[in-house]
Amino acid sequence: MSDVTPGGGPPVHPPSPPPFRLYDTRSRDVREFQPVRPGQVSLYVCGMTVYDEIHVGHARAMMVFDTFVRYLRFRGWNVTFARNFTDVDDKIIERAAKRGEPAVELANRYIANFHRDTDSLGLIRPDLEPRVTETIAPIVAMIDELVAAGHAYPADGSVWYSVSSFPAYGALSNQSPDELRSADPEGGKREAADFALWKAAKPGEPAWESPWGPGRPGWHIECSAMVRHYLGTTIDIHGGGLDLVFPHHENEIAQSEAANHAPFAHCWMHNGLLTMSGGAKMSKSLGNVVNVEDILLEFPPEALRLYYLQCHYRSPLPWDPASALPEALGMLARLYEAVEVGSRMGGLGPAEAAAAELGPDALEVLQLGRSFQRHFLAALDEDFNTAKALGHAFELARAINRLSNHKRANARGGTVVAPALDALRLLGPALGLLAGTPATFAEEVKARRLPALGLTSEKVEAMLADRTGARMRKDWAEADRLRAELDGAGIVVMDRADGSDWRVRV
Ligand SMILES: [Zn+2]
């Protein structure tokens, strides 16, 4: 590309996004991100095997990478984001057989439900969502190459990857090949650690033609083939849950690097898992699954986003069904409250003079507001530390809410709070938080929390009207009783000069 513009003007360089650092599972350290191509990020994340609804454990990985992509774009990176669907697999085939329906129909239904839930969560759709059943030819081609190169061997209509043919096997998960054993139950393989690239068809199963007979891909090969087919031999970042490091990602490296003779991914980014109290995993068999669809009936999607992002993406995240989302909703409400009370502050004139006049709480808001962007971006640029970045936002919100308790601040604090309000506006484009207004948030909370409390807007309005009537008759006992009843039901009544308003307590 030429640096000289056709008109003979000064050289034009594309603006280069600022550097950031990221933990790489393979090298086990935080290092500066070096793109394969300047300004570009190719990101592949392992997606879902579609045979059930998504639960809040799955959604953590979706949310982490959604937010990471938003942040990279916000910083000026040109991101290509791919996430696959495993739409043919033992579990899908088993469940479809049990229900007496074709596997492809079951998979398609759960893909539709996945999109329903991730759209409701406010997740951006990846640029590419490849499916196994639509990527068979590139998969077969890659297996063929691995067989020709001596990294794989056919046996009884299946094809196995020979782990001992790839000396670097185990580097990602930090294990030596001798310790490794595969869970694949099929026979025909030469060594215990070998894994299936192609599975010979069993009667009644979905199958495709191949040089080794009819069958279907093993699980691991799809990601290697999809990455190469859609993004190229070497990508910038490969992502997924920590539970995929071994064997899945170890196998992806072995397949891709043996077939491509090139590094597979420059950086391996793994999110920590959701943990139930007592350390158990969220799983159907344990009966502790909380589906995204159900949680969104009771809580706004931003509360779920905040719940995930208040924890560093690599840390385990405890899930307490009773407190996780009520607490996150409360934290979100404090942020919106800061925007609301800050926006109401009036007054012109130089911020320094106003802050000096209003006292230490005002000086703090001014100072935190002005330094926020630097601290916020520094936290995110250092291994995408959303917990630390949000910590700065909560500190700022607390300071604004404290300042609003000063009567004079509401008339004089406008210029003091202005940098802080600008600062909080960064949360929308950077992290997908505070994307609404205090008013839309209040409506959203009403819409989701009232049914959860067994109430309707009409019922609350009717009780408020009764209370107004009691106040007009000067029946204070009845007015107080109604207020206490509303309070007990989770409704906060705010009496103003021009009447009463209400909100759901969070
Ligand atoms: Zn994968």
Side-chain angles (χ1 to χ4, degrees), residues 15-22 33 39 41 63-79 81 121-124 300-313 328-345 351 355 362-404 413-441 444:
S16 53
F20 65 93
R21 287 156 48 86
L22 204 55
F33 174 73
V41 178
M63 192 65 86
V64 162
F65 289 102
D66 168 275
T67 313
F68 183 57
V69 168
R70 277 171 202 268
Y71 182 64
L72 293 178
R73 288 180 177 155
F74 169 71
R75 295 293 261 160
W77 293 92
N78 191 350
V79 183
F81 172 28
L121 272 175
L123 302 187
I124 39 181
E302 274 194 351
L304 204 53
R305 182 177 290 267
L306 183 77
Y307 160 69
Y308 294 122
L309 300 184
Q310 43 136 353
C311 178
H312 190 280
Y313 76 89
L329 184 59
M331 292 160 88
L332 185 60
R334 299 296 91 75
L335 293 175
Y336 274 109
E337 186 188 346
V339 173
E340 188 177 18
V341 300
S343 306
R344 278 209 299 263
M345 289 181 190
L363 287 165
E364 189 187 13
V365 167
L366 187 61
Q367 183 261 321
L368 288 177
R370 284 179 173 169
S371 60
F372 177 83
Q373 179 163 345
R374 183 162 42 87
H375 294 308
F376 178 73
L377 297 180
L380 294 170
D381 284 341
E382 182 65 19
D383 198 22
F384 195 50
N385 195 336
T386 56
K388 195 170 176 190
L390 284 175
H392 293 302
F394 293 130
E395 184 186 27
L396 182 57
R398 272 195 302 275
I400 298 171
N401 291 336
R402 204 160 41 235
L403 176 62
S404 75
T415 50
V416 172
V417 83
L421 293 176
D422 284 344
L424 289 177
R425 278 187 204 106
L426 292 174
L427 265 61
L431 299 178
L433 280 169
L434 285 189
T437 64
T440 60
F441 173 70
E444 179 120 347

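Computed from heavy atoms alone, side chains included, the values below leave out hydrogens, waters and symmetry copies.
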### Query
Are the side chains of R305 and D66 in touch, meaning some heavy atoms are under 4.5 Å apart?
yes

#### Entry: A387 to C311 - nearest heavy-atom pair and separation
CB-C, 3.9 Å

### Query
Would a distance-only check, ignoring hydrogens and angles, find a side-chain to backbone donor-acceptor pair under 3.5 Å from Q310 to Y307?
yes

### Query
Is there a side-chain contact between H392 and L396, using heavy atoms and a 4.5 Å cut-off?
no

### Message
For a side chain to side chain contact (heavy atoms under 4.5 Å, CB included) check, start with the C-alpha distance between H312 and N385, then their side-chain angles and the critical distance, and finish with the verdict.
### Response
CA-CA 6 Å; H312 190 280; N385 195 336; 3.6 Å; yes

### Task
Side-chain contact test, heavy atoms from C-beta onward, threshold under 4.5 Å: evaluate it for F20 versus W77 and give yes or no.
yes

### Query
Which distance, rounded to the nearest 0.5 Å, do you find between the CZ of R398 and the CG of L335?
10.0 Å

### Task
Compare every heavy atom of A303 with every heavy atom of A328, then report the nearest pair and how far apart it is.
CB-O, 3.4 Å

#### Entry: CA sep, side-chain torsions, deciding dist, call: R402, E364, side chain to side chain contact (heavy atoms under 4.5 Å, CB included)
CA-CA 10 Å; R402 204 160 41 235; E364 189 187 13; 2.8 Å; yes

### Task
Can you spot which of V64, L380, L433 makes a side-chain contact (heavy atoms from CB on, under 4.5 Å) with T386?
L380

Side-chain donor-acceptor distances from residues 413-428 under 3.5 Å, at least two apart:
residue : atom : partner : partner atom : Å
T415    : OG1  : G349    : O            : 3.0
D422    : OD1  : R425    : NH1          : 2.6

## Note on the structure
CG of L431 to CG of L306, rounded to nearest 0.5 Å, is 10.0 Å

### Message
Contact between T67 and Y308 at the side-chain level, heavy atoms closer than 4.5 Å - yes or no?
### Response
no

### Residues E302 and Y336: side-chain donor-acceptor under 3.5 angstrom
yes

### Message
In the structure I gave you, are the side-chain heavy atoms of F441 and L329 within less than 4.5 Å of one another anywhere?
### Response
yes

### Query
What residue pairs, at least two apart or across chains, pass side chain to side chain donor-acceptor pair (under 3.5 Å) with a residue in residues 427-441?
T437-T440

### Message
With a 4.5 Å cut-off on side-chain heavy atoms, are L368 and H375 touching?
### Response
no

### Message
Return the CD to CD1 distance between E395 and I400, rounded to the nearest 0.5 Å.
### Response
11.0 Å

### Message
Is it true that, when you exclude E337 itself, more than 12 heavy atoms of the residues, nucleotides or ligands shown sit nearer than 6.0 Å to its CD?
### Response
yes

## Note on the structure
For N401 and R334 the tightest heavy-atom approach is ND2-O, 3.4 Å

### Query
Minimum heavy-atom separation for P17 to G39, with atom names?
CD-CA, 4.0 Å

#### Entry: Heavy-atom side-chain proximity of F68 to V79 below 4.5 angstrom
no

### Task
Evaluate the side-chain proximity of M331 to L390: yes if any heavy-atom separation is below 4.5 Å, no if none is.
no

